[in-house]
Amino acid sequence: MKIAGIHVKNYRSIEDLSLNFPSYYSAICGKNDAGKSNLIRVLRSVFRAPDRFFFPTEQGVSLTEDFTKWKEKDTNPRAIEFCFTLVVNRNDDEGLYLFLQTYLQLDSAANGTQALELNVEVGLRFLADATNPQIGIKVGSLQLEEIKSQDVLKKIQSSFAVLFHDSTEFFHPYRFLESTGLFREMSPTESKQITEAKSRLDKALTKVAKRNQNDLTEVLGRLQDKYKLGLSITDRSDIGEVPYSITLGTEDIDVELERWGSGTQNRTRILMTLFKAKRVRDSATSAQKVTPVIVIEEPESYLHPSAQAEFGAILRDLADEFKVQVIVTTHSPYLLSLEHPKANILLERKCIRRKVRQTAVVDTAGDRWMEPFGLALGIGSAELAPWKDALFTSKDSVLLVEGDFDREYLELLKGEGHGTNRLLFDGQIFAYGGKDTLKQRQLLQFIKSRFKRFIVTYDLDAHDEVDPILRSMDLIKDKDYFAVGKDSPGRRCIEGLLPDSVFQTVYSSNVELVQKLSSGISKEVKSAKSSLKKLYMEEFKKAVLPGTDGFKGLYGLAKKINKMIAP
């Protein structure tokens with residue numbers, strides 16, 4: 001099943017809000033008290049699983065407690081309204097699909113029920129004078145009467161159509177208490193029958209556990225931290241709900257999941273929930289088959305920024321690959337979707353006459369969609385967008401260089417033709433666009449925390465300005481950062497490492513550009529420098545071969561970087 005849209009009215013901070021979820025992965029972001037938790041409450045109140053004696057009851061909706069406070073005096077009658085647009089797939093949600101088709105006696109020709117998907121609109125209206133909400137459901141163009149609407153909603157709820165994972169509260173699988181004597185007194189024949197049945201059950205459960213263990217290990221294998229997973233059955237007293245224990249291991253240890261760090265526990269449990277949804281989707285036809293939507297609160301909890309970035313990429317990839325809808329609430333930029341910007345939802349609270357009021361969606365359309373998210377996350381606004389390639393790379397190492405030409409020279413050094421002089425750095429080479437960018441200390445510190453290895457280079461002529469900033473971040477010169485170029489006029493940059501022959505050829509053919517360098521007009525000087533840099537690169541690539549003396553200066557640069565990244 002997929003949730004295509006939600007519309008909420010008069011619930012807590014949400015006065016009138018509509019959200020759309022266009023892809024398998026969606027991220028809801030916003031500052032604290034923006035309304036994210038209220039949306040989760042809405043989902044939990046409607047899509048809660050049927051109560052069991054060992055599960056806490058999900059919190060319901062109270063008109064007295066939950067109606068939007070600033071509207072209480074002006075609204076009559078008072079009502080809280082939820083509306084959900086659901087998509088039920090004929091193959092992935094076969095149990096629910098067939099139930100709707102059979103129970104509602106839908107005419108396939110008139111209502112298109114043989115189509116791949118059914119659109120189901122679920123509406124609930126909570127009124128002051130009613131114990132239970134009014135329920136209205138529309139399937140395709142067919143509006144259901146009240147009783148049938150109630151039955152359809154119960155079917156959706158009983159299908160576990162939405163799975164919830166709160167990263168701040170770990171769920172420990174329920175383990176049945178030991179029997180208190182009901183089956184203690186058995187005849188020898190009964191005892192033998194039970195022993196034989198238990199043996200057969202053990203063998204069957206072992207096969208199931210092994211198959212799930214292998215598949216889960218493959219999912220966990222996508223993480224940079226490699227774990228082997230162990231599954232064991234802890235109780236066989238209920239075939240429908242078989243409790244299990246989990247161990248994670250490295251090359252030399254196996255430890256129960258509860259004894260690993262919070263970040264590892266949380267990440268593993270989320271992946272297991274996603275894996276569970278995939279197994280449902282891939283399962284054979286059954287009356288219970290409904291691929292669940294997974295709602296995850298703060299999946300970045302307990303994870304270092306570098307692990308957040310990796311985990312965010314894995315969640316997005318698996319949601320698309322498994323075709324399982326994942327909706328997350330988050331405070332982390334690493335959990336946003338770069339591939340589908342419209343799938344990122346930013347919430348804020350409106351201020352009216354200096355009073356905080358309703359939750360609203362921030363407009364993030366256009367190429368600069370990241371800026372509002374950056375502002376909400378407290379890491380800059382326009383400053384965030386230029387760094388998006390560094391923020392969202394899957395690499396765990398980054399090399400910051402001043403400009404695009406610096407990056408291109410370093411990429412040239414990666415070629416096999418350079419032999420032992422080849423640049424060995426395989427992380428992200430990111431051009432930050434000039435020394436002033438390095439003055440954004442808070443943002444730079446944020447980028448630094450994202451990577452396991454963080455190296456900064458800058459032009460030698462900027463050393464006096466840049467060096468104090470990097471030292472204040474506890475970075476060490478020649479270990480974490482260094483200047484590039486030769487200490488002579490015009491050579492205090494990466495081009496200063498090129499052979500003289502390159503300059504001679506470019507200068508002799510571009511006298512007018514060279515003259516502009518001393519014009520005194522900043523705009524002309526800047527334009528001339530940019531044009532000459534491009535010409536240097538073209539001439540260097542054309543005239544200088546790998547392994548020759550012309551690469552000598554750049555080989556020194558590669559050697560320095562290789563030394564810095566060496567274990």
Side-chain angles (χ1 to χ4, degrees), residues 367-368 380 382-383 385-390 399-415 423 428-441 443-444 455-470 481-546 548-558 560-561:
D367 294 336
R368 300 170 70 87
E383 295 89 350
W387 291 90
K388 65 180 182 180
D389 288 340
L399 172 59
L400 303 186
V401 298
E402 185 148 332
D404 290 330
F405 290 113
D406 299 65
R407 180 172 56 192
E408 192 168 351
Y409 283 116
L410 290 175
E411 293 292 348
L412 284 176
L413 288 170
K414 291 183 177 182
L423 178 64
Q428 176 85 0
I429 301 177
F430 177 76
Y432 54 83
K435 63 183 180 181
D436 288 340
T437 305
L438 298 181
K439 296 177 182 179
Q440 300 168 17
R441 195 169 311 185
L443 182 57
L444 194 62
I455 301 173
V456 183
T457 68
Y458 53 89
D459 289 350
L460 184 58
D461 59 8
H463 177 75
D464 291 343
E465 294 180 69
V466 173
D467 180 70
I469 295 172
L470 300 181
Y481 71 91
F482 65 94
V484 175
K486 289 184 179 180
D487 194 9
S488 60
R491 297 293 188 95
R492 298 184 179 95
C493 56
I494 196 166
E495 286 80 12
L497 304 178
L498 304 182
D500 292 339
S501 59
V502 170
F503 296 97
Q504 292 168 1
T505 301
V506 172
Y507 289 164
S508 63
S509 304
N510 299 275
V511 176
E512 186 177 348
L513 276 177
V514 176
Q515 290 174 340
K516 286 183 179 181
L517 291 176
S518 56
S519 69
I521 302 174
S522 59
K523 187 175 181 180
E524 285 188 358
V525 172
K526 185 176 181 180
S527 176
K529 282 184 176 180
S530 179
S531 297
L532 286 170
K533 280 177 173 288
K534 182 178 180 181
L535 293 170
Y536 298 151
M537 172 63 75
E538 292 175 352
E539 177 61 23
F540 180 76
K541 292 167 70 175
K542 180 175 66 175
V544 182
L545 297 176
T548 63
D549 286 344
F551 265 95
K552 184 177 180 180
L554 291 177
Y555 284 158
L557 177 60
K560 190 164 191 174
I561 296 172

Just so I know, are the side chains of [X] and [Y] near enough to count as touching, which here means a heavy-atom distance under 4.5 Å?
{"X": "Leu410", "Y": "Ile561", "value": "yes"}
{"X": "Val544", "Y": "Leu498", "value": "no"}
{"X": "Lys486", "Y": "Leu460", "value": "no"}
{"X": "Tyr458", "Y": "Leu470", "value": "yes"}
{"X": "Ile429", "Y": "Asp406", "value": "no"}
{"X": "Leu535", "Y": "Leu513", "value": "yes"}
{"X": "Cys493", "Y": "Asp461", "value": "no"}

Tyr432/Leu438 under side-chain contact (heavy atoms from CB on, under 4.5 Å): CA gap, chis, key distance, verdict: CA-CA 8 Å; Tyr432 54 83; Leu438 298 181; 3.5 Å; yes
Going by the ring-ring contact (aromatic ring centres under 6.0 Å, His included) test, which pairs reach into residues 518-538, not counting sequence neighbours?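 Counting only pairs at least two positions apart or across chains, the ring-ring contact (aromatic ring centres under 6.0 Å, His included) contacts touching residues 518-538 are Phe503-Tyr536.
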ring-ring contact (aromatic ring centres under 6.0 Å, His included) partners for Phe551, two or more places apart: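 By the ring-ring contact (aromatic ring centres under 6.0 Å, His included) rule, Phe551 matches His418, Phe540, Tyr555.
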Whether the side chain of [X] engages the backbone of [Y] through a donor-acceptor N/O pair (distance < 3.5 Å, no angle test) should be reported.
{"X": "Glu402", "Y": "Asp459", "answer": "yes"}
{"X": "Ser509", "Y": "Thr505", "answer": "yes"}
{"X": "Thr457", "Y": "Leu400", "answer": "yes"}
{"X": "Asn510", "Y": "Val506", "answer": "yes"}

For Pro499 and Gly550, which heavy atoms make the closest approach, and how far apart are they?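 Looking at all heavy atoms of both residues, the shortest contact is CD-O, 3.3 Å.
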Looking at every heavy atom in both Leu517 and Ala528, which two are closest together, and how far apart are they?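 For Leu517 and Ala528, the tightest heavy-atom pair comes out as CD2-CB, 3.9 Å.
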How would you list all residue pairs meeting salt bridge (Lys or Arg N to Asp or Glu O under 4.0 Å) that involve residues 510-533, not counting sequence neighbours?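 Listed by first then second residue: Glu495-Lys533.
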Working to the nearest 0.5 angstrom, can you tell me the gap between [X] [atom1] and [Y] [atom2]?
{"X": "Ile494", "Y": "Leu554", "atom1": "CD1", "atom2": "CG", "answer": "6.0 Å"}
{"X": "His463", "Y": "Arg492", "atom1": "NE2", "atom2": "CZ", "answer": "12.0 Å"}
{"X": "Phe405", "Y": "Leu532", "atom1": "CZ", "atom2": "CG", "answer": "10.0 Å"}

Basic-acidic side-chain contact under 4.0 Å: Asp500, Arg491: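 Judged by the 4.0 Å cut-off on N to carboxylate O distance, Asp500 and Arg491 do form a salt bridge.
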Go through the steps for Lys534 and Asp404 under the test salt bridge (Lys or Arg N to Asp or Glu O under 4.0 Å), then give the verdict. CA-CA 10 Å; Lys534 182 178 180 181; Asp404 290 330; over 6 Å; no
Near Lys560 NZ, under 6.0 Å, is it more than 12 heavy atoms from other residues, nucleotides or ligands?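 It does: Lys560 NZ has more than 12 such atoms within range.
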